Amino acid sequence: MKDLIRLSDADLLQKALSLAPKRSTIKLSDVELNFLEWGDQEKPGLLFVHGGAAHAHWWSFIAPFFLPDYHCIAIDLSGHGDSARRSEYAPELWHQEVFQLANSDALFHSIPVIIGHSMGGLIGIRAAAVLGAALPGLIIIDSAVRPDFPNHDRRRKSVNLLGKQRTYESRQQILSHFRLVPPQDCKNTNILQYIAAESIRAVDDHWTWKYDPHAFRDLQPASIFGLLKKITCPTLIIRGQGSRILDRDTAVGMQSELKVSNDLVEIADAFHHIMLDQPARLIAEITLALRRWKY
């Protein structure tokens with residue numbers, strides 16, 4: 001792990017991408033989802049869930065480092081990445097997707113640990129509350145849940161921004177407009193450029209983002225703070241010390257609600273998008289948690 005931490009972002013990305021995933025689709029009851037898969041299905045499973053307006057490739061430089069011990073799947077939620085779009089969206093629908101994936105015999109030989117970033121962490125909380133002790137573990141990465149309301153004003157502005165349809169004349173033009181939400185600097189430019197390139201698609205004579213802006217136009221957030229008490233599996237909360245989404249007080253409040261074995265880890269020199277800021281540190285913390293849980 002020390003050797004991994006010493007790698008530059010370019011070397012880490014190159015090493016991860018050399019372990020290319022298998023790209024597949026799965027048809028659930030009402031939608032077809034795209035996913036990336038690494039490793040042997042007979043190994044213990046890890047299910048990676050991305051944040052809002054993101055996609056499975058946000059895990060392409062994280063998931064391969066859990067081989068050969070684990071079977072890893074990174075999903076494109078509906079309306080994201082290369083998955084199908086819906087006519088209507090709701091957090092409950094995304095939760096159902098993750099719940100069905102975790103229970104799919106076609107993907108996992110047993111229910112996997114769920115690892116979710118931002119919106120993906122909120123979806124993981126919903127799934128964990130339903131799966132109960134059958135879930136071997138939950139890792140929440142910079143997802144904020146508050147007693148009265150899960151999203152503060154800055155997050156709501158971000159949702160409004162994501163709900164706007166934007167098109168561009170060329171690939172170069174759209175890549176020049178790629179921005180992280182919420183805004184932050186990112187020193188790992190190779191990883192950032194990789195993420196940007198996987199976030200776009202050509203449509204007729206123009207370029208646009210892969211995610212469906214309709215998914216965020218009328219999305220109404222609701223507090224899920226009460227679900228934390230229903231989680232019965234080992235849980236890890238990870239926050240970036242510079243995060244604008246998950247402040248320390250909120251993270252401690254979430255941790256105090258959990259009635260099971262849990263840990264709170266803060267990663268220095270990281271903001272909300274921890275996998276971009278400190279990918280090796282994130283991999284190390286997840287690895288340590290899996291070892292503690294003897295998973």
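Residues take their numbers from the sequence shown, with the count starting at 1. Values in this document were obtained by computation on a predicted structure and should not be read as measured data.
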Does the side chain of [X] pick up a donor-acceptor pair with the side chain of [Y] at under 3.5 Å?
X	Y	answer
Gln184	Asp277	yes
Tyr89	Asp212	yes
Thr208	Gln165	yes
Asn34	Ser83	no
Glu97	Ser78	yes

Flag if over 12 foreign heavy atoms under 6.0 Å of [atom1], [X]:
X	atom1	answer
Gln173	CD	yes
Lys229	NZ	no
Gln172	CD	no
Arg281	CZ	no
Arg201	CZ	yes

When you measure from the side chain of [X] to the backbone of [Y], do you find a donor-acceptor pair of N or O atoms at a distance under 3.5 Å?
X	Y	value
Asp76	Ala56	yes
Asp247	Thr250	yes
Ser243	Arg239	no

Are [X] and [Y] ion-paired here, with the side-chain N under 4.0 Å from a carboxylate O?
X	Y	answer
Arg23	Glu37	no
Asp30	Arg86	yes
Lys27	Glu32	no

Please report the interatomic distance [atom1]([X]) to [atom2]([Y]), rounded to the nearest 0.5 Å.
X	Y	atom1	atom2	answer
Leu13	Phe61	CG	CZ	7.5 Å
His50	Tyr211	NE2	OH	13.0 Å
Leu107	Asn103	CG	CG	10.5 Å
Asp9	Gln278	CG	CD	11.0 Å
Thr235	Leu135	OG1	CG	8.0 Å
Ile114	Ile75	CD1	CD1	12.0 Å

Group every Ile, Leu, Val, Met, Phe, Trp and Tyr by side-chain heavy-atom contacts under 4.5 Å, then state whether [X] and [Y] land in the same group.
X	Y	answer
Leu93	Val98	no
Phe216	Phe178	yes
Leu101	Ile141	yes
Leu19	Phe48	no

Closest non-hydrogen atom pair between [X] and [Y], with its separation:
X	Y	result
Leu138	Val113	N-CG1, 4.5 Å
Ala133	Thr232	N-OG1, 2.9 Å
Phe271	Gly242	CD2-O, 3.2 Å
Ser223	Pro147	OG-O, 3.3 Å
Val130	Phe99	CG1-CE1, 3.6 Å
Ile174	Trp209	O-CH2, 3.3 Å

Does the side chain of [Y] come within less than 4.5 Å of [X]'s, by heavy atoms?
X	Y	value
Tyr194	Ser60	yes
Leu47	Ile115	no
Pro279	Ile62	yes
Ile140	Ile125	yes
Leu33	Leu77	no
Tyr70	Asp40	no

- What about the rings of Trp58 and His80, do their centers lie closer together than 6.0 Å?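 Not close enough - the centres of the two rings lie 6.0 Å or further apart.
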- Strictly under 6.0 Å, is that where the ring centroids of Tyr168 and His177 end up?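 Yes - the distance between ring centres of Tyr168 and His177 falls below the 6.0 Å cut-off.
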- Query: Sequence neighbours excluded, which residues qualify as side chain to side chain donor-acceptor pair (under 3.5 Å) partners of His55?
  - Reply: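 Checked His55 against side chain to side chain donor-acceptor pair (under 3.5 Å); matches are Ser199.
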- Task: Name all pairs fulfilling the ring pair (Phe, Tyr, Trp, His ring centres under 6.0 Å) condition that reach into residues 115-136, sequence neighbours left out, sorted by first residue then second.
- Result: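 Qualifying pairs: His117-His272, His117-His273.
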- Query: Of Thr189, Leu282, Leu192, which meets side chain to side chain contact (heavy atoms under 4.5 Å, CB included) against Leu276?
  - Reply: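 Running side chain to side chain contact (heavy atoms under 4.5 Å, CB included) over Thr189, Leu282, Leu192 with Leu276 returns exactly one hit, Leu192.
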- Task: Please determine which of Ile139, Val252, Leu258 meets the side chain to side chain contact (heavy atoms under 4.5 Å, CB included) test together with Ile237.
- Result: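 The option that passes is Leu258.
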- Message: Holding to salt bridge (Lys or Arg N to Asp or Glu O under 4.0 Å), I want the full list of residues that pass it with Lys210, two or more places apart in sequence or in another chain.
- Response: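 Testing Lys210 for salt bridge (Lys or Arg N to Asp or Glu O under 4.0 Å), a comparison that skips the adjacent residues, returns Asp82.
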- Query: Do you know which of Trp38, Phe108, Phe66 makes ring-ring contact (aromatic ring centres under 6.0 Å, His included) with His71?
  - Reply: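 Testing each of Trp38, Phe108, Phe66 against His71, the sole residue satisfying ring-ring contact (aromatic ring centres under 6.0 Å, His included) is Phe108.
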